Undergrad: 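My questions all concern the structure below.
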Amino acid sequence: MNSRSLVLLLAASLAACSPKQSTETAAPPPGAPSKAASPASAGDTFGFMSQTPGDVEMYMAAFNSRDVWRRFVHSKAYAALRESHLFRHHFESLARPPGARKALNFLSPNAEAAVTDPNLLKWRHIAADALGTEVFMSCAPGGTQAFAALQQFQTEIRIQQMKGAGGPPNQWMQTAVPSLAPFIETLQIPPVVLGFKMSAQKQALQEQIDYVKAKLPPTVAVATFNIGDKPFTSWTFVAGSLIPADKQQKIHDFLDKNIPDKVVADRYFQSLLARKAEVAFGYVGDYFLVSLGADHAHLKLAATPADSLLQRPELSVLGPYAGKNIWMTSWAAQKSLETLVAQRGSALLPVFEGIKAGAHLSPQDNEQIETDLRRIDTKARNLFRPAVIQAAVSVSFWHDGLRAEQYGGILPAGLATGKDLTLGSTDLPANFIWGDGQEDPAFVAAFLDWVEDITNTGFSFYHRALLPKLNAVQQQQSAMAEAMALPRLIDLYHITRDQLLKSFGTETAGGIDLNGAVPPLPNIPPAIQQQGKIPRLAKVREVKDPKLLAQSWQSYLALARGIAAMLPPTMQAPGGIPDPQHKDLGGADMFWYPLPINAGDLLPNVAVTAGAKNWIFSTSPDYAAAMNAALVKGAPKDANTALKLDIHMTAFYDFAETWIKLLAGHPELIKKPDAAANFNRYEGHILTLLKAFRVLQGMEVRYFEENGGLRVSTVVHVRDIQ
């Protein structure tokens, strides 16, 4: 599940449960099937997947979204959002333009009263029917490559825009034509099929189709064909027959003017006129199917149930979910994911291309930089390629919140399975965010090599192209600064790379806690010191080589003392830099340097647990002590796990509420009187809005290995507010 999908899931899950009724049938509580009886098979649960050909490259479907929407609009959380002045004001601001008002009315739960256009209201009923029970999209063979080509086109547009940055608006288009025009011959509409399970609105949909058909230009080819015994209709649009002659001539002249080779320009023009798109549609049972593409050759049904997507071996994992309250499911072939992932990667070269014209470098410098950046970008593409890419099957369902299970998929670069996570006990109840992961040592080495390459390349460019342009005084100052600072920076890097990082194992955990005490500093008001809270950070590393870890500390201290010795005598501390202070932390050795002023529990420190098993860095001794106590207590291991992530939103809501009430109760803390008055005026609305957000209580994500394949398990904790 990608991050954008997850945001959509979180937004829709606001309707976790609600006792409120409406004029419509009330939605079932979370976890209850939407049907009276559970489906008997995966085919019943996953709908048209059992009729979709097994050779599709991607498939995704949503079920019972009408129930999700009803839960949302009849929940107490939604009511609280609408009661919030901030939410209502923002909503009204969005709705001021007529077009936006029409769109918001279209989505309103009170659309019957809000929508004045009867035709628009008809479409709303059709949309509610089409999207309410089951809706899906399948990507036919060749579709992934077409999507990848579109990504390449978008990337090229961004590159050309960067090259033209700073020039007249839209002027970049003319210089970009030679780079963008070749896409005319290669871009294709991805062959996809959309499906909607219709019920009460079939006749209304047909009336709207007939209305649109009557408005089609006469040059659109209308034809009929059959899929088996099912009648379908197609509308074919050809660019040459749709673009008026005068506009065709303008396009031809524009290409001819901006592409040096006139033969190539004419070829692009003829290719543009020949471009076509076809929309085909019809019914298979209650499913209204729509195909998009250059033709409708991909609009097919599985020859037999055994040939369907649902019967692919990878999708056998869906069997146990038959009968559950499914919301979404998806499938992606391994080659499809590999094709899409191949479009990602660092893009330093395009950035340079965008600024090259204004850099005023010599042709030799430009050529050298481009060569260097191509090498660095190639390293980046290899470095950040996911550690695992497998065919992905995912299913999300309602059960004590929203749960999503993914089998296969993409494991981000740098993470590794094959070992157990052992630091799970550091996921303290008061944490806001906590994570525990297993890194790939080969990735760390390659990442450092990539960083060194960037650094060395930049330094070489500075000496070759920039330093000679400085005057004599500036060159002398640069040489002095370089002679003093560069060797120490190199030493610092080597200590970190060759000693500190190599002393650690592969597992790292970390947490953010929102329970820290405000430092007792003179300029902080007593009210904040007594009632306020601040974040605390902690990072825990597995220690592999205690001796090398101790050596790194001694090396850092020696480096710091060497740097201090270079300072003027008036700036040096008496006796030089001392050893850090030490304290026993319940079996762990904690080390720190005192801050110049008393900051209370705000004190960066490092601790090594008993037996030098773990290394803890924290901004708070109390937080470090809590982490150490948790490590001593221990926790069950997470087998073959690459990453665990927990987000406890309740901790954040409590933190925010504390500060809101603190500022409202002490207006003197807000320096501007007008701002303080406005804050007090809206305090209740802010708290109401915060209360509504409490419907989302947290999330858990785990990447792990199961039966030789990648698994991703996600739980979104949602519960309607009280």
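Along the sequence shown, residues carry numbers from 1. Just so we're clear, the structure is a prediction, and the values are computed from it rather than from any experiment.
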Undergrad: Would you indicate whether the side-chain heavy atoms of F288 and Q201 approach each other to under 4.5 Å?
TA: no
Undergrad: Testing the 3.5 Å rule here: is there a donor-acceptor pair between the side chains of Q438 and T506?
TA: yes
Undergrad: So, applying side-chain hydrogen bond (donor to acceptor under 3.5 Å, both in side chains) with S713, which one of R702, Q406, R403, E405 is it?
TA: E405
Undergrad: Taking the side chain from T329 and the backbone from S394, do they hold a donor-acceptor pair closer than 3.5 Å?
TA: yes
Undergrad: Is there a donor in the side chain of Q152 and an acceptor in the side chain of E156, or the other way round, less than 3.5 Å apart?
TA: no
Undergrad: Can you confirm whether the side chains of T45 and K324 place a donor and an acceptor under 3.5 Å from each other?
TA: no
Undergrad: Donor-acceptor check, side chain of D436 to backbone of L421, threshold 3.5 angstrom: yes or no?
TA: no
Undergrad: For the atom pair CG (L402) and CE (M328), what is the distance rounded to the nearest 0.5 Å?
TA: 8.5 Å
Undergrad: Scan side-chain atoms only and decide if Q206 and D210 contain a donor-acceptor pair under the 3.5 Å cut-off.
TA: yes
Undergrad: Do M649 and F432 have side chains that get closer than 4.5 Å, going by heavy atoms?
TA: yes
Undergrad: Report the C-alpha separation of I410 and V341 in whole Å, then their side-chain angles, then the decisive distance to 0.1 Å, and conclude whether the side chain to side chain contact (heavy atoms under 4.5 Å, CB included) test is met.
TA: CA-CA 9 Å; I410 294 175; V341 166; 3.6 Å; yes
Undergrad: Evaluate side chain to side chain contact (heavy atoms under 4.5 Å, CB included) for E542 paired with T422, printing each intermediate quantity in order.
TA: CA-CA 9 Å; E542 171 192 19; T422 62; 5.9 Å; no
Undergrad: Can you check whether D420 reaches T641 side chain to side chain, under 4.5 Å on heavy atoms?
TA: no
Undergrad: Examine Y321 together with F397 and report whether their ring centres are nearer than 6.0 Å.
TA: yes
Undergrad: Does H298 use its side chain to pair, donor to acceptor, with the backbone of V192 at less than 3.5 Å?
TA: yes
Undergrad: Using side-chain heavy atoms (C-beta onward) and a distance below 4.5 Å, is V444 in contact with D440?
TA: no
Undergrad: Side chains of S308 and T52: is there a donor and an acceptor less than 3.5 Å apart?
TA: no
Undergrad: How about E700 and H717: does a side-chain donor come under 3.5 Å of a side-chain acceptor?
TA: yes
Undergrad: Would you check if the side chain of N707 reaches a backbone N or O of G709 as a donor-acceptor pair within less than 3.5 Å?
TA: no
Undergrad: Using the benzene-type ring in the case of Trp, are the ring centres of W450 and F384 under 6.0 Å apart?
TA: yes
Undergrad: Are L318 and V395 side-chain neighbours, meaning at least one heavy-atom pair lies under 4.5 Å?
TA: yes
Undergrad: Are more than 12 heavy atoms from other residues, nucleotides or ligands located less than 6.0 Å from atom CZ of F447?
TA: no
Undergrad: Heavy-atom count check: over 12 atoms from other residues, nucleotides or ligands less than 6.0 Å from K379 NZ?
TA: yes
Undergrad: Is F153 atom CZ crowded by more than 12 heavy atoms from other residues, nucleotides or ligands, each under 6.0 Å away?
TA: yes
Undergrad: Determine whether a donor-acceptor pair (N or O, by modelled atom type, separation under 3.5 Å) exists between the side chain of R541 and the backbone of G505.
TA: yes
Undergrad: Please confirm whether K644 makes a cation-pi placement over Y703, using NZ or CZ under 6.0 Å from the six-membered ring centre and within 45° of the ring normal.
TA: no
Undergrad: When you measure from the side chain of D720 to the backbone N and O of K76, does any donor-acceptor pair fall under 3.5 Å?
TA: yes
Undergrad: With the side chain counted from C-beta on, respond yes when V388 and Q390 share a heavy-atom pair under 4.5 Å apart, and no when they do not.
TA: yes
Undergrad: Are side-chain heavy atoms of W434 and L645 found at a separation under 4.5 Å?
TA: no
Undergrad: On the six-membered ring of Y407, is R711 placed so that its NZ or CZ lies under 6.0 angstrom from the centre and within 45° of the ring axis?
TA: yes
Undergrad: Under the side chain to side chain contact (heavy atoms under 4.5 Å, CB included) criterion, do L299 and F232 qualify, and how do the steps go?
TA: CA-CA 10 Å; L299 181 55; F232 276 73; 3.7 Å; yes
Undergrad: Will you find, in the side chains of E57 and T144, an N or O donor that is under 3.5 Å from an N or O acceptor?
TA: yes
Undergrad: State whether the side chain of N431 and the backbone N or O of T426 hold a donor-acceptor pair below 3.5 Å, judged by distance alone.
TA: yes
Undergrad: So with a 6.0 Å cut-off around NZ of K122, is the heavy-atom count from everything else above 12?
TA: no
Undergrad: Run the side chain to side chain contact (heavy atoms under 4.5 Å, CB included) check on V135 and F63 step by step: do they pass?
TA: CA-CA 7 Å; V135 56; F63 305 88; over 6 Å; no
Undergrad: Would you say that S138 contacts L194 through its side chain, given a criterion of any heavy-atom pair below 4.5 Å between the two side chains?
TA: no
Undergrad: Quick one: are the ring centres of F136 and Y59 less than 6.0 Å apart?
TA: yes
Undergrad: Any luck finding a side-chain donor-acceptor pair between W235 and E278 under 3.5 Å?
TA: no
Undergrad: Give me the atom names and distance for the closest heavy-atom approach of L696 to V718.
TA: CD1-CG1, 4.2 Å
Undergrad: Taking NZ, NE, NH1 and NH2 as the nitrogens, is one of them in D286 or K202 under 4.0 Å from a carboxylate oxygen of the other?
TA: yes
Undergrad: Without hydrogens or angle criteria, can the side chains of E705 and T417 be said to hold a donor-acceptor pair below 3.5 Å?
TA: yes
